[in-house]
Amino acid sequence: MRRRLAAGNWKMNGTHASLDELRTLAQQHPSPGCDILICPPATLLDPMSRLCRDTAIACGGQDCHAEPKGAHTGDISAEMLADAGAEYVILGHSERRADHGETDETVAAKALAAWRAGLTAIICVGESEAQRDNGATLEVIGAQMDGSIPDGADGDNLVVAYEPIWAIGTGRVPMLPEIGEVHDFMRARLAARFGPGVADQVRLLYGGSMNPANVADIISVRNVDGGLVGGASLKARDFGRIIAALGK
Ligand code: PEP
């Protein structure tokens, strides 16, 4: 049985004052029915992971460099994330692919770095609106999975997030059968490459405008094992309702 995961991506939001949201969340969900993860900006990782000690909430990074250390101004290695208390790292988010030119190869190198540091990699894939309109969604997702996920993946070191680019931060969500088609495809793609045993254990998240009102419908779709949540993860009240729905 795959345990569901409620993963919050705070993106470039939050200062120390935001830790109050985390305190509220931790108090309200002492023993949730799903795993909880918050990926704050790197500046908050250390204080957040200290706060999360002895709670049900895990912390993660939003990106890492492929190298363990060196002359890479502004970058953070997977080892540094782990040192600051991270257990997970989001990789290949479409905003990083767009803003920083990250390719599938870059993402795969970062995933290997994450594994080297003992982190679980949450690898993001997703099509643009034009690609969906052209009927290329599955082809795009398949190619991103093949290129971004390194050999050696398993249910402990890998989570895959399906995030249609056009649904991120827009309030638009694919139809449930569309989500189901992609998630079934992703499970089958993992099975073809890593075997059904591994494929059965890897959690597949949906991400893109998930909120307290739509989470129950989305999670009812086969092969959806949780959510990667941006905007609705910033407030304990909203994210708490998503956690409650995923924990049922
Ligand atoms: C995201 O960026 O990972 C995301 C899913 O954002 P939002 O929930 O705000 O659409």
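Whatever order the structure lists ligands and atoms in, that order sets their numbers, starting from 1.
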Exercise. Could you tell me how the ring of Y162 sits relative to the ring of H183: parallel (under 30°), tilted (30 to 60°) or perpendicular (over 60°)?
Key: perpendicular
Self-check item: Heavy-atom pair of closest approach, residues S94 and I165
Solution: CB-CG1, 3.7 Å
Quiz item: So, do S209 and T170 sit near enough that their side-chain heavy atoms are less than 4.5 Å apart?
Solution: yes
Which protein N or O atoms sit under 3.5 Å from any N or O of ligand 1? Give atom names and distances.
residue: ligand 1; atom: 2 (O); partner: K11; partner atom: NZ; Å: 2.5
residue: ligand 1; atom: 2 (O); partner: H93; partner atom: NE2; Å: 2.7
residue: ligand 1; atom: 3 (O); partner: H93; partner atom: NE2; Å: 3.0
residue: ligand 1; atom: 3 (O); partner: E163; partner atom: OE1; Å: 3.1
residue: ligand 1; atom: 3 (O); partner: E163; partner atom: OE2; Å: 2.7
residue: ligand 1; atom: 6 (O); partner: K11; partner atom: NZ; Å: 3.4
residue: ligand 1; atom: 8 (O); partner: G230; partner atom: N; Å: 2.8
residue: ligand 1; atom: 9 (O); partner: G231; partner atom: N; Å: 2.9
residue: ligand 1; atom: 10 (O); partner: G169; partner atom: N; Å: 2.7
residue: ligand 1; atom: 10 (O); partner: S209; partner atom: N; Å: 2.7

Quiz prompt | Non-hydrogen atoms of D200 and R2 that approach each other most closely | solution = O-NH1, 2.7 Å
Quiz item: Nearest heavy-atom pair of N223 and D184: which atoms, and what distance?
Solution: ND2-OD1, 2.8 Å
Practice problem: Could you pull out all residues at least two apart from R4 that satisfy side-chain contact (heavy atoms from CB on, under 4.5 Å)? | Solution: C34, I219, L246
